[in-house]
Each structure stands twice: as C-alpha cells, then as structure tokens.
Amino acid sequence: MPEGHTIHRAARDHQKLFVGYKVDVSSPQGRFNNGAKSISKLECVAVEAYGKHLLYEFKNDQFLHIHLGLFGRIRRRKLPIEEAKGKVRVRLVGKTHFVDINGPTICEILDEESKSKLIDRIGPDLLRKDADPNKFFERVISSRAKIGTLLMDQSVVAGIGNIYRTELLWRQKIHPNILGKDLDRSQLENLWNDARALLEVGVKRNKIITNFKKAGSVNADSLNIYKKKKCPGCMGVISKIEISGRVAYFCVYCQSETS
DNA sequence: TTGATTGTTACCGG
DNA sequence: TCCGGTAACAATCA
C-alpha cells in the first residue's frame with residue numbers, strides 16, 4: 001500500500017490526534033516484533049515519518065516504530081472503539097480517535113539508541129525539510145548499480161516506491177537500466193526535484209498523481225505508464241522489466257538506454 | 001485456490 | 001566492498 005507520501009500524511013494527521021495526550025498502545029494479537037510490552041497511558045510527544053518509517057515518541061524516550069511493508073494499512077476512526085477489522089496488530093487509542101494498523105512488517109517498541117540507529121541508515125527523505133540532496137547525488141554518481149535499483153534503495157533516497165520509480169524515470173526520460181555513475185548532475189537534480197514535488201502532491205491529495213492533464217481530456221488518468229500498454233508521449237508500446245525484484249515499466253522510445 | 005501486490009532484510013555467490 | 005538474486009515475512013482481494 002504505502003509509498004512515502006502515505007506515511008508522511010499519517011504522521012501529520014496522527015500528530016494532531018495524539019501529541020499532548022496520553023495514548024494507549026496495544027497489540028491485540030500480542031505480536032510486537034521484539035516482544036516488547038505495550039505502552040500504556042504515556043504521553044505522546046511527537047509523531048514523525050522518516051521515509052516509509054513511522055515513529056511515535058512517548059515520554060521516557062520510548063518509541064513505537066511502524067513499517068507498513070507491502071500490505072500494511074492504517075485505519076483511523078472516531079471513538080467509541082469498534083471491533084477490529086481483519087488482523088489488527090497495533091491499536092492506538094487517543095482522546096477522540098483510535099487508529100488500527102493492519103499488516104505492518106515492523107511494529108516494535110524502541111529506545112532512544114535503537115531509534116537513532118534506525119534513522120542513521122535511512123537516506124535523505126524527499127519529504128523532510130532537513131533532507132540533504134547532495135547525499136543522494138553522491139551515492140548515485142559513485143554507484144555501478146542501475147538507477148532503477150538506486151531509486152528503490154531507501155538508504156540512497158527515502159520515500160520512493162515502485163510506482164513513483166516507474167513514473168519518475170518516464171517523466172525524466174531516463175531508462176531504468178542506466179547506471180548511477182553514467183548520469184550527470186543535472187539529471188539527478190531534476191529527478192530529486194520532480195520526486196519531491198510528486199510526493200508532496202501525493203501527501204496533499206492522498207493519491208499518487210504523476211499525470212496532470214485536465215480531466216475530460218483523452219488521457220485523464222492520474223498515472224502515465226505504470227501498468228499501462230501505451231506511452232502517452234509517443235503512443236508506442238510500454239515494456240516491462242524486473243529490477244530489484246519488482247516490475248518496472250518504461251518506454252523504449254522516450255527513455256533511451258544511452259544517457 | 002492461485003496469483004498479484006504502492007516493501008524490506010538477511011544471506012549467499014560472483 | 002559492491003551488486004544481483006533468492007527466500008522469508010506481512011494481509012487482502014479478484
């Protein structure tokens with residue numbers, strides 16, 4: 001379900017719901033990853049997103065760390081509590097609302113030290129003001145890996161997932177198989193700026209939108225080529241390849257393999 | 001029942 | 001050390 005925009009949107013929303021209040025955190029199925037106990041009635045002092053990781057900070061330097069993985073979902077409802085839908089692994093109960101989290105790959109309680117370690121291994125996050133794009137440029141330019149792989153590597157740049165990868169590379173006319181070291185600085189700056197702009201739209205609209213043609217026109221879809229057959233640019237056939245275990249789409253004509 | 005899916009990590013081999 | 005490939009884990013739906 002999530003790319004970076006989903007997590008940042010949740011962080012902003014949950015900040016309003018939980019910060020300053022005592023929140024009950026429990027795992028209805030008793031399944032925190034590291035076996036830690038629930039957090040009970042501790043004041044929530046911050047909710048932050050780092051890439052696709054969601055961190056709730058409580059008093060006494062306790063952190064609830066959530067990663068939704070491929071299938072995770074977040075449901076937010078007004079109190080009173082309703083019966084859990086599906087397999088709820090984490091439930092947060094605040095003053096006015098409760099939040100159920102289904103299917104995360106990670107749901108664990110961290111201390112300050114392990115939280116710092118986590119943040120250290122996450123690359124610059126497109127949606128954070130403190131992100132340093134130079135770290136992204138340097139990693140890519142010195143790498144022999146494909147740009148299609150690097151964009152999905154969250155230690156290189158945080159927030160991009162499989163759909164944005166395809167759409168970004170198409171918008172910038174870059175073939176996913178081009179190696180990082182073969183790209184130039186301006187291409188990387190364009191990638192960074194476009195990625196950030198697209199993710200910000202995603203946060204605002206709660207939807208991945210990479211095609212901004214007016215509704216009513218022939219190509220009014222919100223995506224350009226992801227899972228599509230025809231390139232809206234040249235009307236050519238869209239190709240598929242697997243890169244880092246996920247399917248990437250590209251246009252042979254618009255995205256040249258030689259940079 | 002099978003396959004696909006907006007993700008990540010550990011481990012191994014080259 | 002870097003890079004690619006594979007398996008494991010998570011949950012739901014068509």
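We name chains A, B, ... by the order of the sequence lines, and we start the count at 1 in each one.
At a threshold of 4.0 Å, the pair A/Lys22-A/Glu43 does not count as salt-bridged, since none of the basic side-chain nitrogens sits closer than that to a carboxylate oxygen. A salt bridge links A/Arg128 with A/Glu48: at least one charged nitrogen is closer than 4.0 Å to a carboxylate oxygen. A salt bridge does not link A/Lys115 to A/Asp61: none of the charged nitrogens lies less than 4.0 Å from a carboxylate oxygen. Of the charged side-chain nitrogens involved, at least one lies within less than 4.0 Å of a carboxylate oxygen, so that A/Glu189 and A/Arg185 count as a salt-bridged pair.
Using a 4.0 Å heavy-atom criterion, one finds that A/Arg165 contacts no nucleic acid atom at all. In this structure, A/Ser244 reaches neither bases nor backbone, as no heavy-atom distance under 4.0 Å exists between it and the strands shown. Backbone-only contact: A/Lys227 has heavy atoms under 4.0 Å from sugar-phosphate atoms and none from a base. Residue A/Tyr164 is out of contact with every strand shown, counting any heavy-atom pair closer than 4.0 Å. Counting any heavy atom pair closer than 4.0 Å across all strands shown, A/Arg89 reaches sugar-phosphate atoms only and no base atom.
When base pairs are accepted only as Watson-Crick or G-U wobble with both N-N or N-O distances under 3.5 Å, DNA chain B takes part in stems of 3 or more pairs at B:2-5 with C:11-14, B:7-14 with C:2-9.
Spacing between B/dA4 and C/dA7 at atom P, rounded to whole Å, works out to 15 Å.
Within the structure, the ring-ring contact (aromatic ring centres under 6.0 Å, His included) test picks out no pair touching residues 73-96 of chain A (sequence neighbours left out).
A/Met1 places its CE atom 13 Å from the P atom of C/dC13, with the value rounded to the nearest Å. Atom pair A/Lys87:NZ and C/dT12:P shows a separation of 7 Å (rounding to whole Å applied). One can place CD1 of A/Ile178 at 18 Å from C1' of C/dC3, the figure rounded to the nearest angstrom.
Between A/Leu70 and A/Arg144, the residue anchored nearer the 5' end of DNA chain B, judged by the nucleotide with its closest heavy atom, is A/Leu70.
Using cut-offs of 30° and 60° for the angle between ring planes, the A/His65 and A/His53 rings count as parallel.
Interatomic distance, CG of A/Leu17 versus CZ of A/Arg76, reported as 5.0 Å (0.5 Å rounding).
In this structure, A/Phe71 forms no aromatic stack with the base of C/dA10, since the conditions of centre separation below 5.5 Å and plane angle below 30° are not both met.
If you run side chain to side chain contact (heavy atoms under 4.5 Å, CB included) between A/Pro104 and each of A/Arg89, A/His67, A/Arg73, only A/Arg89 comes through.
For DNA chain B, the contact window with chain A, defined by any atom under 4.0 Å from a protein heavy atom, covers B/dT5 to B/dT9 in 5' to 3' order.
A donor-acceptor pair shorter than 3.5 Å can be found between the side chains of A/Gln172 and A/Asp194.
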